2 protein chains.
Amino acid sequence: MAKAGISLKGTKVSTLKKSRSTVEPGVRRRKKFDDKRQFILETALAVFSQYGFHGTTIEQIANSADISKTNLFYYFKSKEELYLTILENILNDWLAPIAGFDEVDDPKTAIENYIRLKLELSRDQPQASRLFCLEIIQGAPILKSYLNGDLKNIIEEKSKVIERWISQGKIKPVDPTQLIFTIWSTTQHYADFSVQVKAITGKDLTNKKFFEDTCQSIQNIIFNGIA
Amino acid sequence: MAKAGISLKGTKVSTLKKSRSTVEPGVRRRKKFDDKRQFILETALAVFSQYGFHGTTIEQIANSADISKTNLFYYFKSKEELYLTILENILNDWLAPIAGFDEVDDPKTAIENYIRLKLELSRDQPQASRLFCLEIIQGAPILKSYLNGDLKNIIEEKSKVIERWISQGKIKPVDPTQLIFTIWSTTQHYADFSVQVKAITGKDLTNKKFFEDTCQSIQNIIFNGIA
DNA sequence: GTCTATATGGCGATAGAC
DNA sequence: GTCTATCGCCATATAGAC
């Protein structure tokens, strides 16, 4: 009787309708509607990413967005729809950086670029990173099918690129998957654990020097180690 | 009016009373009481670490522990007390591994030991790791004072050890704090993101070979990099 | 589109019998 | 110590006026 968690019962994220997409008349009005929807989505992400789905109330989001509770329900028919739409939007951003992984043949450039892109994402979209983390920790009720499908395929594909580099002697032997996990964890850490990072260093990635130092430090360790 | 999040208003974790600690007669009865309390704590950790504070209901915990809701309230006067007690217990475990960091003079041994201990913790106490992660993501309302106090001091102390290694030429120049973050993130990743790890690799740290492979992979990258 | 009620249900916590 | 019953609050969502 799993009671808590989001009861999505097999809802496919990609199947989500944008709602109202069929209405056509009045392009101007339509744009205003979409803009406000977008604004609510961004506001809601900020709240959800801190308190989680259950810890967030519609009223909080409404207050942050300076609208009334009922008005929010005019734009999103339920709390779940709001949450799902956000998660769907995040996925693409989260996945984007790995796309350019086999474009370049030089592993050093490719991997250092990837590290930088992921770290930029942690800097520019820390809330998205945290929401994603919350989702995974809770067992990925919504994203599980995605993890087992698309993501798995992509990683297998990228792993082959890494293995080619190894067989060509361009990098040392290393488990490709473990290497990818290392990159993910080290870069996402600065978004997900930013409170801890800030408590200890007094800085976060919005600090330019700290960003560069962190980027180089991660790149250095992954390429040269410390020995 | 920050409404969500846990409304602890300055409650100091360390000030928590164990409740009933003053009652003396009947050592046998007392032990039974404590045992049951302990059992509830362990059960509750499992639930809290998946669904978070707000996503977890007392009823869920009670069901998991095979007791009634009311009976649970006999052992813990509120949901918050239950949660706080768990968090308090976790902290010590989480911190323990770093203690033996300056005992040994050889950096390779010390750091490889530390990585292994942290990874063992991710294997043996994944729920604790996830609850800790949830807490930090939400802004560490309860642990903030700890992060800024004890933890900061410990890290500064350990950083000096690392800097001594560097000045002695035993390891390459590296920002000590960044090195520690790298170790934390890479090892904790296998607990916090275990669902994702399992989706991609089909394994988790309870698999002996996978544990050893992961441990060596992390140790290798941190010491030798991939170049 | 936006507002003021209000319905509805769930959950933390308590009362009081045994 | 454990149970049954229940209180009271709060959060999601809807109805219906403007």
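Values below: every heavy atom of this structure, side chains too, minus hydrogens, waters and symmetry copies. Just so it is clear: chains get the letters A, B, ... in the order the sequence lines come, proteins before strands, and each one is counted from 1. Note that the coordinates shown come from a computational prediction; the quantities given were computed from them, not determined experimentally.
Distance OH (B:Tyr74) to C1' (C:dG16): 15 Å, rounded to an integer number of Å. Rounded to a whole Å, the CD1 atom of A:Ile58 is 20 Å from the P atom of C:dT8. D:dA11 atom P lies 18 Å from atom CD of A:Glu80, rounded to whole Å.
Applying the salt bridge (Lys or Arg N to Asp or Glu O under 4.0 Å) test to pairs two or more places apart or on separate chains, those with a residue in residues 183-205 of chain B are B:Lys198-B:Asp204. Residue pairs meeting the salt bridge (Lys or Arg N to Asp or Glu O under 4.0 Å) criterion with at least one member in residues 61-70 of chain B, sequence neighbours excluded, do not occur.
Comparing the start and finish of the helix from C:dG1-D:dC18 to C:dC18-D:dG1, five pairs each, the helix axis swings through 0°, to the nearest 10 degrees.
Here B:Glu112 does not pair with B:Lys118 in a salt bridge; the nearest charged N to carboxylate O distance is not below 4.0 Å.
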**Report entry** Residue pair B:Glu135, B:Tyr83: steps toward the side-chain hydrogen bond (donor to acceptor under 3.5 Å, both in side chains) verdict
**Finding:** CA-CA 11 Å; B:Glu135 202 40 38; B:Tyr83 184 77; 2.7 Å; yes
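A cation-pi arrangement is absent between B:Arg123 and B:Tyr190 under the rule of less than 6.0 angstrom and at most 45 degrees off the ring axis.
Nearest to the side chain of B:Asn71, among C:dA13, D:dC3, D:dA13, sits D:dC3.
Between the side chains of B:Tyr75 and B:Gln38, no donor-acceptor pair of N or O atoms lies under 3.5 Å.
Take A:Glu212 and apply the salt bridge (Lys or Arg N to Asp or Glu O under 4.0 Å) test, not counting sequence neighbours, and it matches A:Arg116. For B:Asp34, the salt bridge (Lys or Arg N to Asp or Glu O under 4.0 Å) partners at least two apart in sequence or on another chain are B:Arg30.
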Query - Base versus backbone protein contacts along nucleotides 4-9 of chain D [heavy-atom cut-off under 4.0 Å; B, S, -] - result: BB----
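Judged by closest nucleotide on DNA chain D, B:Lys32 is the one of A:Ser78 and B:Lys32 placed further toward the 5' end.
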